[in-house]
Amino acid sequence: TFVYDGSLGMIDDDQIDDEPKKILEKHLLDEPVDVRRPPDFLGELTQWINDQCLYPRENLAVAAALCAVSSLAGMRYTDGLDGMSANIIAFGVAGSGTGKEQILQSYLSIIKTAGVQAALHGGFKSEQEVMRNLIRHQAAFYCIDELGITLSKLQNASKKGGASYLEGIVGLVMSVY
């Protein structure tokens, strides 16, 4: 319980300024931003992911950290400006043997540590499967290695008509996003 004992003193009416004071707010974009070293918690998470790698993978570490925070906070928090939740789709592109696997493993570790691994999936099986995952968990976190191969399968399914269960996946993901 807060009790005011008057120890802060009194203010006379002649001490009050009728003109409102201009409040200076510091905005994030007032200073230069290094996108590979974000501030606060996201920066700490990015650094942790990068520290898991044998060689620095700063760009991929930021992408993984953004996706992890988006995945975990997107259902609970919204933007104060327009009420949007965080929906991030990231593509980590790097050559073979350059350390992508450790970035992927770090992302998976974050999701598992948060206790939402039931919503984590490794690939697309069908349009129906994607919809079932969304209904079951309200969120579906797809972490796909070698996405180029998956996209080729999806493109071939729509061109050749051989795998009709794959045809609507891109449209469904975009409409849900």
Is there a side-chain contact between [X] and [Y] in this structure, where contact means two heavy atoms from C-beta onward sitting under 4.5 Å apart?
X	Y	result
Arg37	Gln47	no
Gln128	Met131	no
Thr78	Met84	no
Asn59	Arg36	yes

Could you go through Val62 and Glu58, starting from their C-alpha distance and side-chain angles, then the distance that decides it, and tell me whether this counts as side-chain contact (heavy atoms from CB on, under 4.5 Å)?
CA-CA 6 Å; Val62 170; Glu58 292 177 322; 5.7 Å; no

Under 3.5 Å: donor-acceptor pair, side chain of [X], backbone of [Y]:
X	Y	answer
Thr113	Ser109	yes
Asp40	Leu42	no
Asn50	Thr46	no
Lys100	Ala94	yes

At what distance, to the nearest 0.5 angstrom, does [atom1] of [X] lie from [atom2] of [Y]?
X	Y	atom1	atom2	result
Leu120	Tyr142	CG	OH	10.0 Å
Cys67	Ile103	SG	CD1	11.5 Å
Asp145	Gln105	CG	CD	9.5 Å

Which heavy atom of [X] sits nearest a heavy atom of [Y], and at what distance?
X	Y	value
Cys143	Tyr107	SG-CD2, 3.6 Å
Ala90	Ala63	CB-CB, 4.2 Å
Leu45	Ala68	CD2-CB, 4.4 Å
Ser71	Ile111	CB-CD1, 4.1 Å

Is there a path from [X] to [Y] through hydrophobic residues (I, L, V, M, F, W, Y) whose side chains come within less than 4.5 Å of each other?
X	Y	answer
Ile88	Ile110	yes
Leu108	Trp48	yes
Leu134	Ile89	yes
Val130	Phe91	yes
Ile49	Phe41	yes

Thr98 and Tyr55: side-chain donor and acceptor closer than 3.5 Å?
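Absent: no donor and acceptor within the cut-off.
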
